[in-house]
Q: 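I'd like to ask some things about the structure below.
Every heavy atom of this structure was used, including side-chain atoms; hydrogens, water molecules and symmetry mates were not. A, B, ... follow the sequence lines: proteins, then strands. Residue 1 opens every chain.
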2 protein chains.
Amino acid sequence: MRVSVKRGRPPGMMDVARLAGVSHQTVSRVLNEHKNVSEQTRLKVRAAIAELGYRPNRTARALVTGTSKVIGVVAPNTALYGPSSMLTAFEQAAQESGFAVNVGSVRSLNERSIADAVERHLDQRVAGLVVIAPVASAGPALARLPEDVPLVTIDGDPERASTLVTVDQVAGARAATEHLLEAGHSTVWHISGPADWFDAAGRVRGWEEALKAAGAEQPPLLTGDWSAESGYRNGKLLARLPEVTAVFTANDHIALGLLRALSEHGRRVPEEISIVGFDDVPQAAYYTPPLTTVRPDFDAVATAGVELLLAQIESGTPDLSARRTIAPTLIPRDSVAPPPAR
Amino acid sequence: MRVSVKRGRPPGMMDVARLAGVSHQTVSRVLNEHKNVSEQTRLKVRAAIAELGYRPNRTARALVTGTSKVIGVVAPNTALYGPSSMLTAFEQAAQESGFAVNVGSVRSLNERSIADAVERHLDQRVAGLVVIAPVASAGPALARLPEDVPLVTIDGDPERASTLVTVDQVAGARAATEHLLEAGHSTVWHISGPADWFDAAGRVRGWEEALKAAGAEQPPLLTGDWSAESGYRNGKLLARLPEVTAVFTANDHIALGLLRALSEHGRRVPEEISIVGFDDVPQAAYYTPPLTTVRPDFDAVATAGVELLLAQIESGTPDLSARRTIAPTLIPRDSVAPPPAR
DNA sequence: TTTCTTTGTGGGAACGCTCCCGCAGCGATC
DNA sequence: GATCGCTGCGGGAGCGTTCCCACAAAGAAA
């Protein structure tokens with residue numbers, strides 16, 4: 001049952017001013033913590049604000065200042081673990097800095113829809129933009145926006161000049177692959193994410209680098225799409241290849257599908273085949289067997305992203321060269337063991 | 001490389017008016033698709049808009065109309081499958097109706113933080129509010145907001161008078177339990193979600209009802225918290241009880257933890273124990289064995305929610321009795337079988 | 001003393017829209 | 001032929017802030 005609150009127009013600055021016996025301007029000064037307000041009047045104004053339950057109209061402020069305490073986040077509209085974790089982490093980080101978050105998600109990651117989402121945000125006069133669009137097609141969409149809008153890209157194109165926060169995919173993948181190699185496997189197979197994602201590309205590169213550094217032979221690359229289904233599909237193939245003893249998957253869900261395909265074919269993990277995933281979804285510790293994986297720190301990404309964005313907003317100058325790389329950590333569990341003796 | 005776009009103040013309505021040779025008022029009329037504008041001038045104005053690349057300033061509009069084309073969503077700040085799926089579904093549905101979405105997530109679901117999130121949204125002059133806060137403590141927080149702000153509650157308190165969209169948890173749980181009973185099990189155990197969630201309570205109720213209707217004995221209730229860990233913890237207990245042959249878990253992640261506990265104790269699914277989950281997370285089909293589960297249609301929830309909200313926004317009158325219930329569907333897979341012959 | 005700065009305050013304009021009202025032109029009605 | 005209503009359009013006020021400038025009082029420097 002909602003209590004009845006009459007609100008024939010909520011109180012405005014003028015009402016506060018009148019009650020406090022000062023001018024609207026003085027109220028504004030108190031609100032914005034300006035100097036040159038005597039302690040006495042400050043108190044009077046504060047009291048009036050409290051009495052009326054006054055809350056400043058952010059819309060009006062936005063109109064006159066041309067900007068608002070809102071940051072826009074562009075993200076792919078999926079339940080994908082990475083992006084959705086990022087989104088909540090961003091919301092949290094922004095909130096702690098007094099900013100609200102406007103989401104403008106895009107269903108498909110093509111240039112057009114990303115550009116649309118950006119435009120929508122600009123119409124709302126957001127103070128800055130965070131773009132989580134880890135695909136190449138985001139580049140052109142971002143290229144055409146005005147120079148002076150603060151922008152931070154997450155896991156974006158390393159080649160593009162722009163403020164960038166990335167999880168170090170390459171290092172993470174390298175660590176995963178090395179972990180497998182060190183367990184004694186002669187080589188490591190890889191089921192990748194979708195080819196157009198930078199994340200997926202980085203993981204492929206880390207895998208290749210680790211293999212090359214160890215002088216291991218590089219097996220053909222299998223391509224997935226982040227889904228368990230793609231892990232299953234590729235897994236059915238791998239299960240029939242007796243020489244595969246170690247697989248690094250681009251994420252945990254692919255690993256899950258792989259796990260199931262292997263189990264169906266009676267191949268045991270980790271006794272016959274070792275697996276390392278990526279993401280450390282909360283469930284990974286309860287897969288059968290518990291999955292060794294690589295954990296990116298999404299909170300750190302979000303914190304760094306907001307920090308960089310706020311710096312731009314305050315300075316007014318987008319710093320195109322500011323970068324931040326977050327190193328992921330390997331979480332060893334039970335899905336890795338030495339290869340079977342032949 | 002961002003292209004340099006000068007923007008010494010973006011074009012305003014006046015600029016368009018001047019270029020088209022009409023008054024600002026006429027431009028406004030064209031924009032808002034008012035009648036009483038001749039086709040001829042409409043075209044002229046449209047041309048001027050296109051030439052200048054004019055985009056209306058939503059902030060100014062919001063100031064004068066007192067509302068904006070933004071809906072606020074209050075959701076728990078978690079990566080939980082349900083809430084985060086809802087969030088993206090809402091964003092999608094809102095976008096299709098021309099609304100942007102402001103998220104104001106809350107870290108903990110207590111009255112205070114929910115009230116804060118609501119206040120933040122109100123400051124932004126959102127047109128309406130969607131609250132995904134499926135716990136009892138949300139009630140009081142919502143009770144104190146002004147009568148005239150459009151509000152839709154998702155999976156909220158059925159007792160409270162307010163516009164409500166809910167997944168029919170009771171029916172879903174009943175279907176899950178009946179499915180197990182029909183397979184021949186004499187009774188069904190249940191690992192619930194956190195006690196303060198309405199979702200969890202509804203699922204418990206459905207389970208109880210189905211048991212009672214079938215005249216089956218009701219085993220003690222085990223309590224989880226949506227996490228795989230809680231499924232594992234309770235699973236270790238269940239695994240040692242030879243009489244349990246069927247378990248309905250409050251969500252798929254709990255089922256995953258249970259699956260693992262059972263596997264560690266050498267108890268086979270579904271040969272010895274059958275399991276039904278809830279949510280149908282995309283990975284459920286790739287658990288070992290593939291999980292029989294109940295799928296709530298989050299898109300339908302979001303669509304209904306936005307529809308109800310927009311109706312309120314347009315009418316200006318919150319319809320406290322409007323309700324919508326979305327029936328979930330049972331997805332049979334391989335985790336259910338008849339009980340072992342004794 | 002006179003002048004200059006500093007501190008606290010108030011009065012308006014402006015931000016970019018929408019809303020209210022007025023008004024000319026024109027066909028329909030009495 | 002006068003009155004009415006309808007269509008198409010423009011002028012101005014106002015939304016609730018912040019920003020720019022003015023100005024009085026009080027102290028510091030000349």
Side-chain angles (χ1 to χ4, degrees), chain A residues 7-46 48-49 52-70 100 122-127 313 316, chain B residues 7-46 48-49 52-70 98 122-127 313 316:
Chain A
R7 44 176 221 160
R9 171 143 62 92
M13 201 174 250
M14 288 301 200
D15 301 305
V16 175
R18 195 157 26 233
L19 181 62
V22 298
S23 77
H24 66 119
Q25 169 61 337
T26 301
V27 176
S28 172
R29 272 189 279 249
V30 170
L31 249 36
N32 299 322
E33 273 156 353
H34 248 283
K35 48 213 140 289
N36 293 4
V37 178
S38 77
E39 194 55 27
Q40 206 178 11
T41 52
R42 187 192 315 279
L43 255 41
K44 269 193 306 186
V45 171
R46 285 262 154 75
I49 287 175
L52 293 177
Y54 165 78
R55 315 213 82 207
N57 184 331
R58 297 186 176 261
T59 313
R61 188 201 301 249
L63 176 59
V64 57
T65 61
T67 182
S68 59
K69 282 234 166 204
V70 174
L122 259 27
D123 284 354
Q124 312 268 356
R125 297 298 189 271
V126 296
I313 291 172
Chain B
R7 46 175 221 162
R9 174 144 58 93
M13 200 174 249
M14 288 302 200
D15 301 306
V16 175
R18 196 156 26 231
L19 182 61
V22 298
S23 78
H24 66 119
Q25 170 62 333
T26 300
V27 176
S28 173
R29 273 189 278 250
V30 171
L31 248 36
N32 298 323
E33 273 154 355
H34 249 283
K35 48 212 139 289
N36 295 0
V37 177
S38 77
E39 194 54 27
Q40 205 177 14
T41 52
R42 188 192 315 278
L43 256 40
K44 270 194 306 187
V45 171
R46 285 261 155 76
I49 287 175
L52 292 176
Y54 165 78
R55 317 214 79 206
N57 184 330
R58 299 190 173 256
T59 313
R61 187 202 303 248
L63 176 58
V64 57
T65 59
T67 182
S68 59
K69 281 240 168 199
V70 175
L122 260 26
D123 284 354
Q124 311 270 353
R125 297 297 190 273
V126 295
I313 292 172

Q: Nearest-Å distance, NZ (A:K35) to C1' (C:dT9)?
A: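 Computing the A:K35:NZ to C:dT9:C1' distance gives 15 Å.
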Q: Take the C1' atoms of the five end pairs on each side of the helix from C:dT3-D:dA28 to C:dC30-D:dG1, get both axes, and report the angle to 10 degrees.
A: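 That helix has its two terminal axes inclined by roughly 50°.
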Q: Send over the distance from B:K44 NZ to D:dC9 C1', rounded to a whole Å.
A: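 After rounding, the reported distance stands at 11 Å.
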Q: Give the intermediate values and the outcome of side chain to side chain contact (heavy atoms under 4.5 Å, CB included) for residues B:V70 and B:Q124.
A: CA-CA 9 Å; B:V70 175; B:Q124 311 270 353; over 6 Å; no
Q: As a quick check of understanding, evaluate side chain to side chain contact (heavy atoms under 4.5 Å, CB included) for A:L63 and A:T59, giving each step before the final call.
A: CA-CA 6 Å; A:L63 176 59; A:T59 313; over 6 Å; no
Q: How long is the line joining CG of B:N36 and P of D:dG5, in whole Å?
A: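 Nearest whole value for this atom pair: 16 Å.
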Q: Atom CG of B:D123 and atom CZ of A:R55: how far apart are they, to the nearest 0.5 Å?
A: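 The distance works out to 4.0 Å.
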Q: Out of curiosity, A:L19 CG to A:K44 NZ, how far, rounded to the nearest 0.5 Å?
A: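 Nearest 0.5 Å value for the CG-NZ distance: 10.5 Å.
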Q: In Å, rounded to the nearest 0.5 Å, how long is the span from OG of A:S23 to CZ of A:R18?
A: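 A:S23 OG to A:R18 CZ: 12.5 Å, rounded to 0.5 Å.
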Q: Distance check needed: D:dC9 P versus B:E39 CD, whole Å only.
A: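 B:E39 atom CD is separated from D:dC9 atom P by 11 Å.
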Q: Nearest 0.5 angstrom please: B:R29 CZ to B:N36 CG, how far?
A: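 B:R29 atom CZ to B:N36 atom CG measures 7.5 Å (nearest 0.5 Å).
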Q: Could you run through nucleotides 13-18 of chain C and give me one letter per nucleotide, 5' to 3': B if any protein heavy atom sits under 4.0 Å from the base, S if only the sugar-phosphate is that close, - if neither?
A: --BBSB
Q: Give B:T41 one of three labels, base, sugar-phosphate or nothing, depending on what nucleic acid heavy atoms sit under 4.0 Å from its own.
A: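 The residue B:T41 makes sugar-phosphate contact but no base contact.
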Q: Distance check, rounded to the nearest 0.5 Å: A:S28 atom OG versus A:M13 atom CE?
A: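 Here the interatomic distance stands at 4.0 Å.
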Q: Out of curiosity, B:R61 CZ to B:L31 CG, how far, rounded to the nearest 0.5 Å?
A: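 Reported value, rounded in 0.5 Å steps: 6.5 Å.
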Q: Expressed in angstrom and rounded to an integer, what is the separation of B:H34 atom NE2 from D:dT7 atom P?
A: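 So the NE2-P distance, B:H34 to D:dT7, works out to 13 Å.
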